[in-house]
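Here is how names work: the chains are called A, B, and so on, in the same order as the sequence lines, proteins then strands, and each is numbered from 1.
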Amino acid sequence: MHVMEGFLPGPWWQIWFALSIPVVAYGIYRLDRLIKENRGILPLLAVAGAFIFVLSALKLPSVTGSCSHPTGTGLAAILFGPAITAVLGTIVLLYQALFLAHGGLTTLGANVFSMGIVGPVVAYVIYKVGMRMNLNFYAIVFLAATLGDWATYVVTSLELALAFPADPGGIVTSFKAFATIFALTQIPLAIIEGAITALIFKYIIQVKGDVLAGCGVLSNARLSKIRGTAA
Amino acid sequence: MRNLLDDYALISPLRYRNIWLKLSVVAFGLIIGVSSVSPVTPLFIALSMGFATVFFGKTPPKFYLALLLAPLGFAIAGSIVILFFFGSGSEVFSFEVFGYRLTANAGGLEMAVLVISRTLGGMSCMFFLALSTPMIELFSVLKRSRIPDSVIELSMLIYRYIFLFLDVAICIKYAQTVRLGYTGLRRSLYSIAMLASTLFIRSYEQGEKLYIAMNSRCYDGKLTLLDTKRPIRVSEAVLTSVYAIITIALFVR
């Protein structure tokens, strides 16, 4: 869910930039260190970024035909962690604004905050907690992607509500209003996206599971266990 | 299906104009538009930028209008909320939904109109940049800024791979569609997941190959780009200043 260009007034678009820039800067710092350790990671990150973009350029099979951006970021958060996903997300959001007219330039800060930072962080935390608790792998991926997507949508509603507080009732009322109006599309969409992300992992594990082992997402023991249950 | 604005930028005659001039026009329009308090200024910006894109940039008008419609869905959904929950003043109209009484008052209406006009103004500035400047040229600008090399390098590689993967994705999607892969929701979900995972595996392999290919050609973490010098013409400078003066006059008024 991208906030369109020009939608956020006055101090708010600058505030979201101010909140996003430190996180992205930290992501860049992590990225630099990672590249120094192992230069082979740069092409991999690049293709991951392109993958996120291409996923978002394809329309999801859903009622509204909305874009599927969070699918890619949820995937990237699980593969590379939230700090690097923030950098990838920023680049992809800029391309989406310039190539597909999704989102905008002044609202880039707000979009990075909701889609590049909060969503992936939520997805990553759920993924880590789920893995620790030894739940079913696909259920974890589904939950991580769906809840990460919902977190994105809640934050976007909050961004809009803060910028446009309702006159009687203030921010809480307008937050409820924005959240309700976007819930119509976002709640079913997030479930669909969660299902797709889980299916993507299923196919990857079946066809070429060693890729995930190479990224450090799954240990080999875990991989063969999932394969055993899936077969 | 492949409808990237970058493709139009590559054939636009405005591509060969000074990039700093274009960037400053866009930045000026974006900032003035978003901080304007009356809907007239953003609408004027939208008109001028739209005219520049279609007339000087030779973007097909039909395509341009279709582009402008895209953000409208979001803008209208957001504006409806603003209309009913924002501002005060005399009541304009009201009606009842499920026992709730929704009232739109003058302040809310004004704000909703303002927000829609700002969105239009901002989008048209962004389209001007997107439809007149290929990303390749923006990279040379980015290289001069203080953004770390690793990020620029990453963006350039992403840019390159977008086009490769998009072609692969479109091919797969056509193949799936002719095999009735997108009839019904359940089947579409399986199809799109299969597409995405195949794409992911292919991209991973491509990434490994790219690393080997670049390393064997002495890649040291930096791709150099040459940028061409394009002086600003007098007519461009005059036109830009006239536009800027009118906009500022509308803004201050």
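- Between A:Ala46 and B:Ile158 the shortest heavy-atom distance is O-CG1, 3.4 Å.
- Among B:Ser197, B:Ala27, B:Pro148, the residue with the largest count of heavy-atom pairs under 4.5 Å with chain A is B:Ser197.
- With a 4.5 angstrom heavy-atom cutoff, B:Met214 does not touch chain A via any of its atoms.
- Contact count versus chain B (heavy atoms, under 4.5 Å) is highest, among A:Thr180, A:Thr106, A:Asp32, A:Ile35, for A:Asp32.
- Both the backbone and the side chain of A:Leu98 come within less than 4.5 Å of a heavy atom of chain B.
- Residues A:Pro9 and B:Arg118 approach most closely at CB-NH1, 3.1 Å, considering heavy atoms.
- Taking every heavy atom of both residues into account, B:Ala193 and A:Ile200 meet most closely at O-CG1, 3.8 Å.
- Taking all atoms of both residues into account, the shortest heavy-atom contact from B:Phe165 to A:Ala50 is CD1-CB, 3.6 Å.
- A tilted orientation is assigned to the rings of B:Tyr159 and A:Tyr95, their planes being inclined by 30° to 60°.
- To the nearest 0.5 Å, atoms CG (A:Leu199) and OH (B:Tyr190) are separated by 5.5 Å.
- With contacts defined as side-chain heavy-atom distances shorter than 4.5 Å, the pair B:Leu154/A:Leu88 qualifies.
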- Item | Candidate pair B:Phe200 and A:Leu79, rule side chain to side chain contact (heavy atoms under 4.5 Å, CB included), full reasoning | CA-CA 12 Å; B:Phe200 179 80; A:Leu79 289 177; 3.5 Å; yes
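- The shortest non-hydrogen separation linking B:Ile201 to A:Ile204 is CD1-CA, 4.2 Å.
- Side-chain contact check for B:Val115 versus A:Phe164: some heavy-atom pair is nearer than 4.5 Å.
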